[in-house]
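Start at 1 with the first residue, then count along the sequence. Source: prediction; values computed, not measured.
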Amino acid sequence: MAELVAVYAVPHTPSFVADAQLNGSSSEAVRYFAEIRNHLELARPDLLVTINNDHFNTFFFDNLPTFAIGTAEMTAGPNDQTPGMPWYKVKVETNAAKHLLSTLIGTGFDFSSTVDFEIDHGVLVPLHFLTPDMNLPVVPIFINCVVPPLPLASRCFALGRALVQAIVSWESDARVAIISSGSLSLEIGGPRVAVDKTFGVPDPHWAAWILQQIKSGCHEDLISRATQERMLQAGNVAGELLNWIVALGMVGRHPPTILIDQPQLGNAFAAWTIQGGVR
């Protein structure tokens, strides 16, 4: 059976790539992702399951699933011209993707699937910093975190629990790591952007409170308070917290091994070591 070895939650801020090229080791993105990458390399995964939201590049209003999984043999991107990022071709572990799709549907999660898709910065910014050689296959899972109605936080937490069981029921000796990504408080191009910027962090206190809940390992208050209305008070893409909540469903009450705050961007970086396959 497959083994879950690590879970990560990181930002996918598209400007990180150009910032790293401009500022090198003085870039926070470079330093923080390097710490996560060290943890990932020690975990020695054979497969990465990515959990993120699309940004109207892979899906649009005419076909916008709540939960979706990519089952093609290959994908590529970025399909949103992320500044400074090269074009990547990424192998998809089709057998794992089809197993997860079938198993999750069997447990009551109505997933969509796609065999003809590319990926944007939501998937590729973390991979660019963590596995720049793109030498590990992925299974891309997409959560609608932007367009109301958003899925319930409790449903996303339950998805995390179900995803663990789906992974360890896959008949493979693969070591699997999860990379979820998103911001905790962020406004893009809306009325709450900062002066002379294209983004804003409308609710840093909310983001700080989220991190306190994650440190405590007690997620009940976070799940009950993370309503659609409350998340969107923290920014028009602050529903990306749901990607983190899927990760929390996978790790149980254990606090992260690594937790780095980036409050000026409404971001954070977290890593959990999973021993024994299930938590």
Side-chain angles (χ1 to χ4, degrees), residues 7-16 19 26-36 39 51-53 121-122 125-126 129 143 145-146 148 150-154 156-157 160 178-273 279:
V7 175
Y8 303 95
V10 296
H12 54 235
T13 306
S15 61
F16 278 172
D19 178 69
S26 65
S27 163
E28 283 190 349
V30 170
R31 299 200 310 271
Y32 298 163
F33 269 116
E35 191 166 345
I36 301 297
H39 187 284
I51 301 170
N52 70 281
N53 53 289
H121 69 273
V125 166
F129 285 98
I143 313 290
C145 299
V146 178
L150 306 184
L152 295 174
S154 58
C156 290
F157 189 82
I178 307 298
I179 301 178
S180 64
S181 66
S183 298
L184 305 177
S185 174
L186 187 64
E187 178 93 358
I188 299 294
R192 294 173 292 177
V193 303
V195 176
D196 297 326
K197 293 184 180 295
T198 59
F199 72 93
V201 181
D203 202 340
H205 298 295
W206 169 246
W209 180 81
I210 291 169
L211 296 183
Q212 287 299 320
Q213 302 310 299
I214 292 173
K215 288 178 184 177
S216 75
C218 297
H219 306 135
E220 290 84 358
D221 284 349
L222 173 57
I223 292 166
S224 66
R225 290 184 58 183
T227 63
Q228 173 179 295
E229 292 73 21
R230 182 62 188 88
M231 288 186 290
L232 295 182
Q233 286 177 23
N236 57 12
V237 294
E240 292 177 349
L241 170 61
L242 294 173
N243 296 325
W244 281 68
I245 288 176
V246 175
L248 295 179
M250 305 189 75
V251 301
R253 293 184 174 274
H254 294 267
T257 307
I258 299 170
L259 185 61
I260 305 167
D261 192 7
Q262 196 181 34
Q264 76 277 14
L265 297 181
N267 288 338
F269 298 71
W272 288 263
T273 303
R279 284 198 164 176

Checklist entry - Going from OH on Tyr32 to CD1 on Ile258, what distance comes out if it is rounded to the nearest 0.5 angstrom? => result 13.0 Å
Checklist outcome for this item: Interatomic distance, CG@Asp221 vs OG@Ser216, rounded to 0.5 Å, equals 8.5 Å
Item to check | From CD1 (Ile245) to CG (Leu222), nearest 0.5 Å | outcome: 4.5 Å
Checklist entry - Can you check whether Val201 reaches Gln264 side chain to side chain, under 4.5 Å on heavy atoms? => result no
Checklist outcome for this item: Interatomic distance, CD@Glu220 vs CD@Gln213, rounded to 0.5 Å, equals 9.5 Å
Item to check | Distance-only side-chain donor-acceptor flag, Ser27 / Asp19, under 3.5 Å | outcome: yes
Please table the atom pairs, donor to acceptor, closer than 3.5 Å between any side-chain atom in residues 231-241 and protein atoms at least two apart or in another chain.
unit_1 : atom_1 : unit_2 : atom_2 : d
Asn236 : OD1    : Ile188 : N      : 2.9
Asn236 : ND2    : Ile188 : O      : 3.0
Glu240 : OE1    : Ser183 : N      : 2.8
Glu240 : OE2    : His12  : NE2    : 3.1
Glu240 : OE2    : Asn53  : ND2    : 3.1
Glu240 : OE2    : His55  : NE2    : 3.4

Item to check | Electrostatic pair Asp203:Arg230 at N-O distance under 4.0 angstrom | outcome: yes
Next on the checklist: Testing the basics here: between Phe129 and Phe16, what is the closest heavy-atom pair and its distance to 0.1 Å?
Outcome noted: CZ-O, 3.6 Å
Checklist entry - Counting distance only, does the side-chain N/O of Gln228 pair as donor-acceptor with the main-chain N or O of Leu150 below 3.5 Å? => result yes
Item to check | Check: Gly122 main-chain N/O paired with Ser181 side-chain donor or acceptor under 3.5 Å | outcome: yes
Checklist entry - Do the side chains of Pro204 and Pro263 get nearer than 4.5 Å, heavy atoms only? => result no
Next on the checklist: Is there a side-chain contact between Ser180 and Val246 in this structure, where contact means two heavy atoms from C-beta onward sitting under 4.5 Å apart?
Outcome noted: no
Item to check | Met250 CE to Ile51 CD1 distance, which is reported to the nearest 0.5 Å | outcome: 5.5 Å
Checklist entry - After noting the C-alpha distance and the side-chain angles of His219 and Phe157, does the key distance pass the side chain to side chain contact (heavy atoms under 4.5 Å, CB included) rule? => result CA-CA 9 Å; His219 306 135; Phe157 189 82; 3.8 Å; yes
Checklist entry - Is any side-chain heavy atom of Trp209 less than 4.5 Å from a side-chain heavy atom of Arg225? => result yes
Next on the checklist: Can you confirm whether Leu184 sits close enough to Trp206 that some side-chain heavy atom of one is under 4.5 Å from a side-chain heavy atom of the other?
Outcome noted: no
Checklist entry - Could you state the interatomic distance from CG (Asn267) to CD1 (Ile260), rounded to the nearest 0.5 Å? => result 11.5 Å
Next on the checklist: For Pro151 versus Ile143, what's the shortest heavy-atom pair and its separation?
Outcome noted: CG-CG2, 4.1 Å
Checklist entry - Minimum heavy-atom separation for Leu259 to Ala270, with atom names? => result CD1-CB, 3.7 Å
Item to check | Any Ile210 side-chain heavy atom under 4.5 Å of Trp244 side chain | outcome: no
Checklist outcome for this item: Correct closest heavy-atom pair for Leu242 and Ala153 would be CD2-CA, 3.8 Å
Next on the checklist: Is the shortest side-chain heavy-atom distance between Asn243 and Cys145 below 4.5 Å?
Outcome noted: yes
Item to check | Shortest non-hydrogen contact between Leu248 and Trp272, atoms and distance | outcome: CD2-CZ2, 3.7 Å
